[in-house]
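The structure under discussion appears below in the form of structure tokens.
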Protein chains: 2
Amino acid sequence: MHDVDPVAIDTLSHEPDIKYIVPGLKRGLDILKIFNRKRVQMNAPEIAKELQVPRSTIFRLLQTLEYMDLIEKVPNTSNYKLAAGALGLGFEFLASLEITDFANPILEKLSNRTGLSAHVVIRDKTDVVFIAKKSAKLTFSSSVNIGTRLPAHGTVLGRVLLADLSKAELKKLYPESDLVGFSKQTPESVDKLSQVLELDRVNGYAISEAYFENGIGSIAAAIRDGSSKAVAAINVTYQLGTVEESVINGLLLESVLAAAEELSRQLNYSDQKAIRNVG
Amino acid sequence: MHDVDPVAIDTLSHEPDIKYIVPGLKRGLDILKIFNRKRVQMNAPEIAKELQVPRSTIFRLLQTLEYMDLIEKVPNTSNYKLAAGALGLGFEFLASLEITDFANPILEKLSNRTGLSAHVVIRDKTDVVFIAKKSAKLTFSSSVNIGTRLPAHGTVLGRVLLADLSKAELKKLYPESDLVGFSKQTPESVDKLSQVLELDRVNGYAISEAYFENGIGSIAAAIRDGSSKAVAAINVTYQLGTVEESVINGLLLESVLAAAEELSRQLNYSDQKAIRNVG
DNA sequence: AACCAACGTTTCATATATAAAACAATTTTT
DNA sequence: AAAAATTGTTTTATATATGAAACGTTGGTT
């Protein structure tokens, strides 16, 4: 056993300091991850092909996952699907976030006040992840579910969070200078993004029209904790053309900022601590 | 490598047909499962002791889990906690359930109509698992979160689901005849449980007072799909003494039954199919 | 400040998880 | 209805994941 290349089973690894990966665990988790809204159930050979892992190995992994109550056989088929045990993990994570305790009532208030759908996200690397939401009563509710990920640089929610990073941190987060675009307004390079973020930082909020998805407008503001770090973001979304400009810059913006402030306060944020390290 | 006892790393295994468990995967998942509301963060030695696995092995497993974005280091400590990646799994499972598409609006209606907290659960083995909820506006909302598990036999939600099983299926589910009790009313044996369920089956609903937790009352009804199988249950909860008996048996019961019917209809349930196999 | 204990990390022999192959059972095609 | 292909499962040699031990490192204690 000489000269073993760490993380050899994964070809593309930018991670610098990760040394040893347990293949059984990685592959088992890979199996779990290929189940999603679009592919609710799969059988063993399909999984084997997808992951490029021998059938006999997949077989044992599936048995283990079934034993752990994470997947189960679909009756009368040879397919597997996620089982109820899979719920546990995600919700323990949510429960471990202080912010989820406070988010729902504030989202409700925000949604009632504006008549719109409201969301709270956190940032995970280059993604924003929805951790709480309140759908609008009247209009068709937003299609995002809790757990949904969107690229941070393509949403105003992500922008107010990225705006909290230093230029160095941003560069580290996006080693490639080119960014994937989603609409005309999406910045297509890290430098462009940095410029946009500078403005968001000064404003303390971000308003977008058609930033991620065409036809959807969004107003977002950062939520800060006791260390003044932006730990989450809150927004409301509306269909373009259905809300007057004056309302957007008036009631909506005010409501979002008020909600962000209230949530920040509950996380022990205080303005005093917000001494800019530039100043 | 002769005579290896399958599932040897786990001593208590009632599962009859599970043969081969991948230790790396099982242990990695065990690590994830020890994180919960109470123990939000842990370090490697603690985990090693808890799971009775060597430190060096835990070390590699933790690296793998971190690499997979399921756990992360808590800044300035040697502790680990769940990471945002853990969210994905649970919500993909929820999204894969047809019922979650319909549950929320109906829960909202039910909660508004009754002024109480309302919940939808599914059954997983001997547990009920909360998959949707709507907290009451006024009273203190229920403490359960989505993903919370409760023993089925100790809740009316669980009872209306267990009532759908045959006596044989029930016996198979509870091989031990003794049941853990939670309050005076909890049936302490499978036979006792079976009697209670018979009544629930006839009624088509279950009303409890202090069944699981003292001081909390609950009215539950089963939700059925196109095959007439009870796939979920819906309830409202109230604090004992705050609601009049006539309201419980009137408005509350009616509302719960109506919500269960509406949800069942959306799952393609129709009365015609509900031909009892008892004849 | 020196000691000790606990921890993070690496090394290395060996027990063992794995991949290929074979087999059995099922499904699909002709 | 027979043949072929795909799938579920088991076997077995071998590559490798593992656990014990050792090595540095950190943090706490006297």
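Everything numeric in this text was worked out from a predicted model, so none of it was measured. Residue numbers begin at 1 in each chain, while the letters A, B, ... track the order of the sequences.
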Check: Could you give the CD1-to-C1' distance, from B:Ile21 to C:dT18, as a whole number of Å?
Finding: 16 Å
Notebook entry, point to check: Which one, D:dA20, C:dA19, D:dT7, comes nearest to the side chain of A:Pro45?
Noted result: D:dT7
Next item on the list: Starting at atom NZ of B:Lys26, determine the distance to atom P of D:dT18, rounded to an integer number of angstrom.
Entry: 14 Å
Checklist line | Listed nucleotide nearest any side-chain atom of B:Val53, set D:dT10, D:dG19, D:dT7 | finding: D:dG19
Checklist line | B:Lys49 side-chain proximity, nearest of D:dA17, D:dA21, C:dC7 | finding: C:dC7
Check: Between D:dT6 atom C1' and A:Asn79 atom CG, what is the distance in whole Å?
Finding: 14 Å
Check: Would you call B:Lys49 and B:Glu46 a salt bridge, using N to O less than 4.0 angstrom?
Finding: no
Notebook entry, point to check: How close do A:Ile223 and A:Ser264 get, heavy atom to heavy atom, and via which atoms?
Noted result: CA-OG, 3.5 Å
Note to self: Checking contacts here: which listed nucleotide (C:dA19, D:dT9, C:dT9) is nearest the side-chain heavy atoms of B:Arg55?
What the structure shows: C:dT9
Margin query: Nearest whole Å is fine: how far is C:dA17 P from B:Leu61 CG?
Written below: 13 Å
Checklist line | Side-chain H-bond candidate by donor/acceptor type, A:Asp225 with A:Ser227, under 3.5 Å | finding: yes
Next item on the list: Keeping the roles fixed (side chain from A:His119, backbone from A:Ile131), state whether a donor-acceptor pair exists under 3.5 Å.
Entry: no
Next item on the list: Establish, with yes or no, whether the OP1 or OP2 oxygen of D:dA17 is under 4.0 angstrom from a side-chain nitrogen or oxygen of B:Arg60.
Entry: no
Next item on the list: Starting at atom CG of B:Leu25, determine the distance to atom P of C:dT18, rounded to an integer number of angstrom.
Entry: 9 Å
Check: Can you check whether B:Ser78 has a side-chain N or O nearer than 4.0 Å to OP1 or OP2 of C:dG8?
Finding: yes
Check: A:Asn43 CG to C:dT26 C1': how many Å, rounded?
Finding: 13 Å
Note to self: The side chain of A:Val22 is closest to which nucleotide in this list: D:dT18, D:dT9, C:dA19?
What the structure shows: D:dT18
Checklist line | Expected output: side-chain B:Arg159 to main-chain B:Leu161 donor-acceptor under 3.5 Å | finding: no
Note to self: Please determine whether any donor N or O and acceptor N or O are separated by less than 3.5 Å between the side chain of B:Thr57 and the base of D:dA17.
What the structure shows: no
Margin query: Both A:Gly24 and A:Tyr80 contact DNA chain D. Taking the nearest nucleotide for each, which residue is further toward the 5' end?
Written below: A:Tyr80
Margin query: What is the distance, to the nearest angstrom, from the CD1 atom on B:Ile47 to the C1' atom on C:dA6?
Written below: 16 Å
Checklist line | Closest listed nucleotide, where the reference is the side chain of A:Phe59 and the choices are D:dT7, C:dC7, D:dT9 | finding: D:dT9
Check: Between atom CG in B:Leu62 and atom C1' in D:dA17, what is the gap in whole Å?
Finding: 16 Å
